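Notes follow once the structure below has been shown.
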Amino acid sequence: MSLHRYNLGLLLIILNIYSLGLIDALNVTASDSAANPLQAPSDHSHGSSAVVSSPVYKPAVDSSYWINLLSSFPDDLEFSEYCTELLRLFGQRYVAFVNCLVPAARPVRVCQNCSPGYSSLSEVFLNISSDKLGPANESCRDSILRSDRLMLVFLLYGSLDTIWKKSNCKQCVTTDLTGPNNDTLYYLTLLNQTITCFEKYKEGNYTELCKNCKNAYKGLNDLYSGMEKNSTLCIDLEDSMNMTRKLWSKNFACSLPREETIPVIAVSSFMLFLPIIFYLSSFLHSEQKKRKLIHPKRAKSHTSLMNIQDKQS
């Protein structure tokens, strides 16, 4: 009986030891699995709790790494040093032309100030877009202009070329785009004379200004009207004439009598009296017809009356 109890007690002790070992093993396994295999803790500062990152994706470096990857790509075999130099030169002249356009916006001096910059930009773009071969018989047209869907260089040049063409600068500058042509220089001479006259008399009575500056302003206005008919104006001249006319009529309240006023009045008066002349002539013509119709009838009746008297006698 005592041996049976001893064996039973020994069996219970062995079972307790086994169960305690199994529980410890489970705890260790659970702690290890929570610490590392599926989820890795991210870096954290002292005193802060660990933030577990996604088990699917964990960036190895910072977010700028993908930009740095571009530098590790092999060089484009179609983009040579010659094309790289052309692209750099295009960017330099593009910036110079834009820097000229912005200050020339008001008052408008696009054609006068920026024609050399446009000429330089057009020259380098022509070298890029043409079939002209550079060193080692290479062309940069396809590699710079057509290598991607955006065609950035083509769009950049097109925007500035549109500004130049809409300004009609071709009408005011020489063929080599080095400066104003002769017509523009003559117009600018008269413009300077007119503005100088305005500056001279604007401090006094505007009546004196209108009287003394009338000939200068009239000459400038007539020249502008002739250039407008001949289509030899650009945005610079248009803007300057608009400002001059605004000073003359609005600021100084001056007026310029037109030479065609008398012919216009004569024609208007003729047109005004034309209905009166028409109705008067119609009335006189109708009265004359009435007289012609009445006279024969009277003559006929007089003749018949005389015949009757003769018969009676």
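The structure presented is a predicted model; accordingly, all values stated were derived computationally and were not measured.
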Enter the distance from K250:NZ to K246:NZ here, rounded to the nearest 0.5 Å. 4.5 Å
For the student: nearest non-hydrogen atoms of M243 and P107, plus distance: SD-CB, 4.3 Å
With the side chain counted from C-beta on, respond yes when C213 and T194 share a heavy-atom pair under 4.5 Å apart, and no when they do not. no
Please name the pair of heavy atoms, one in L86 and one in V124, separated by the smallest distance, quoted to 0.1 Å. O-CG2, 3.9 Å
Quick one: pull up OH in Y217 and CG in L220 and give me the separation to the nearest 0.5 Å. 7.5 Å
So which heavy atom on S249 is nearest to which on R245, and how close? OG-O, 2.8 Å
When rounded to the nearest 0.5 Å, the distance separating CZ of F198 from OH of Y206 is 11.0 Å
Using 30° and 60° as the class boundaries, would you call the ring planes of Y187 and Y224 parallel, tilted or perpendicular? tilted
Do T184 side-chain atoms and C172 backbone N/O form a donor-acceptor pair below 3.5 Å? yes
Separation between CE (M151) and CZ (R146), nearest 0.5 Å, reads 8.5 Å
Is L145 close to S129 at the side-chain level, that is, under 4.5 Å between some pair of heavy atoms? yes
Would a 4.5 Å heavy-atom cut-off, applied to side chains only, mark Y94 and V153 as touching? no
Would you say C234 and C111 have SG atoms less than 2.5 angstrom apart? no
With under 30° as parallel and over 60° as perpendicular, where do the rings of Y157 and Y118 fit, or are they tilted in between? parallel
With distance as the sole test, does N181 use its side chain to make a donor-acceptor pair with the main-chain N or O of Q171 at under 3.5 Å? yes
So do the side chains of N168 and I235 get within less than 4.5 Å of each other, counting heavy atoms only? no
Quick one, S119 with S122, criterion side chain to side chain contact (heavy atoms under 4.5 Å, CB included). Give me CA distance, side-chain angles, the key distance, then yes/no. CA-CA 5 Å; S119 176; S122 300; 5.9 Å; no
